[in-house]
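All remarks here apply to the structure that follows.
All values below come from the heavy atoms of this structure, side chains included, with hydrogens, waters and symmetry mates left out. Chain letters run A, B, ... following the sequence lines, proteins first, then strands; residues in each count from 1.
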Protein chains: 4
Amino acid sequence: MAGVNKVILLGNLGADPEVKYLEGDNVVANLRLATTESYKDRNGNRVDQTEWHDLELWGPQAKIAEQYLKKGSQIYVEGKIKSDTWQDDQGQNRKRTKIRVISFTMLGGKSEMGSNPQENAGMSQPSTNYKAAASPAPSTSGPDIQMDDSDDDLPF
Amino acid sequence: MAGVNKVILLGNLGADPEVKYLEGDNVVANLRLATTESYKDRNGNRVDQTEWHDLELWGPQAKIAEQYLKKGSQIYVEGKIKSDTWQDDQGQNRKRTKIRVISFTMLGGKSEMGSNPQENAGMSQPSTNYKAAASPAPSTSGPDIQMDDSDDDLPF
Amino acid sequence: MAGVNKVILLGNLGADPEVKYLEGDNVVANLRLATTESYKDRNGNRVDQTEWHDLELWGPQAKIAEQYLKKGSQIYVEGKIKSDTWQDDQGQNRKRTKIRVISFTMLGGKSEMGSNPQENAGMSQPSTNYKAAASPAPSTSGPDIQMDDSDDDLPF
Amino acid sequence: MAGVNKVILLGNLGADPEVKYLEGDNVVANLRLATTESYKDRNGNRVDQTEWHDLELWGPQAKIAEQYLKKGSQIYVEGKIKSDTWQDDQGQNRKRTKIRVISFTMLGGKSEMGSNPQENAGMSQPSTNYKAAASPAPSTSGPDIQMDDSDDDLPF
DNA sequence: TTTT
DNA sequence: TTTT
């Protein structure tokens, strides 16, 4: 039963975040992330190989992504693999794999922090590490606890 | 261009390895790995959530997997996400995601190492860490050589 | 400012946990973990190389460790590197590095769960993943949030 | 015996690399890497906590570090923990922990690749991932060969 | 001693 | 579809 399911990615966004506001105050952001490897083939030519990843962020993380990330942004991501399975119109089993983001960090320093300081509350550094908080935000009354969403049972 | 694409899994095999011997001495093994998380839902009930991963191993690794792994084996895996994309019969874009294994380690000590000591050459411990070696070995001669199989340009 | 400091270990305990109960309900456990690599030297002889790690766990994690881990236990650990620096008697700068554990998972299934079922509440599997909760436990009123202690500002 | 000893760091260099050329064509580079976490304390004030890591790179990696890294460079690192233990003048046991780098990637795109294209041979991208190659190259001929430098038995 |  |  012991299980570890961990993904570490570092790459660039292929497009601006797609953010959806759902009922009940929930927010989800979908990102397309490219990770590119370079290697030399047997003839000594450099070859780039790009893998595209579908990332999913929920709650406060989604909002931070909406606010600060855009096409081209470089980020470091920790998450886990999550698959959806369903039957398509032809009755065939289908599977789609995405990365549920647990935390991410903006790199590259090309931040364009909004001009509204309110927006940046508690986030003076654009490259702070954003741990996921469940959404709706739990009323943690403890000191400064960082939450992550790795094990919650919210419906996402 | 900087890219990191890393997966760390720890779980159990849902079936024996499926191994195919290809032309040119190539071997590929496919594994189904389950990683299970346990958490309590809002009612305090324990819930298990299992994610199934398709693993792909090549060359010597595939042979080691064939030899030592079986349904139920517990392993620790490092690898990377690799997707195949194609068009199906209906002309729809399809995508299948799997984990290309870079290294793995057998856990649990329930090894049943073959009775033939030759088989265990260099592997007195069942839980040795098996780093991937490209197969057939690339004719690496320069200093730029990739020393694991993460970046090779072999056709897999 | 972007920072990642992550350690992943899988190994066995060299001794039973050392647990200290501090004032204010705090608990700390210290573990000695061995990670062993096997490789062949240039003569083809198998060589084992063991690295010893000093792990530190706080709060509920420390109690779980006290309860379920013992000399020889095999665990998977995620944590971060933390160093203490000080001056010794001779006025020399000294540094000691340890691993602050964020989460751990018991492996090997050799659990000897206590006979008191209360103790195992919510932990029917010995190999559940134990995320750290800050100590003293925050009064999280949210649903089932998993906390980790990676970013707290408690004095440890 | 199963062992995993893995470190993932992302941070900035506190100083230029220190490179030593040893007898027998060996090269070693030492780096000081800072990883900084930001969090809010219980009063809502942002606090930065910096951990300093001693990195050690060998062979070709050391040369690449010497050539392209400098004080302030942002890098992503994978490696493992390695400790030296010895007795000091007072006969006391001492231990020093460092990170043996397995691979690293330059981030931030502030590369100042030398103007000599020869220098960049096989490395048109400053942020290529540098996997360690043992130096001098081991005469790998069998299938059990370690394909990165994590498990070699070279004298470093 | 870094970085934002 | 990203990035250098």
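One atom, CG of A:Leu107, and another, P of F:dT3, lie 14 Å apart when rounded to the nearest Å. Here F:dT4 presents its C1' atom at 17 Å from OH of A:Tyr39, a figure rounded to the nearest Å. Rounded to a whole Å, the CG atom of D:Leu33 is 13 Å from the P atom of E:dT2. The interatomic distance linking A:His53 (NE2) with F:dT2 (P) rounds to 15 Å, in whole Å. Atom CD in D:Glu37 sits about 15 Å away from atom C1' in E:dT2, given to the nearest Å. The nearest whole Å value for the distance from the CG atom in C:Asn5 to the P atom in E:dT2 is 19 Å. Atom C1' of nucleotide E:dT4 and atom CG of D:Leu10 are separated by 13 Å, given to the nearest angstrom. Note: CG (D:Asn12) to P (E:dT3) measures 6 Å, nearest angstrom.
Here the straight-line distance linking atom CD of D:Gln92 with atom CZ of C:Arg94 works out to 6.5 Å at 0.5 Å rounding.
Between the side chain of A:Thr50 and the base of F:dT2, a donor-acceptor pair under 3.5 Å is found.
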(request) Check the pair D:Glu37 / C:Lys80 against salt bridge (charged side-chain N to carboxylate O under 4.0 Å, His left out), numbers first and verdict last. (result) CA-CA 11 Å; D:Glu37 280 188 284; C:Lys80 61 183 169 187; 2.9 Å; yes
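For D:Thr97, the side-chain contact (heavy atoms from CB on, under 4.5 Å) test picks out C:Thr97, D:Ile81, D:Ser83, D:Lys95, with sequence neighbours left out.
The side-chain hydrogen bond (donor to acceptor under 3.5 Å, both in side chains) test with A:Lys98 singles out one residue from A:Asp84, A:Asp54, A:Asn30, and that residue is A:Asp84.
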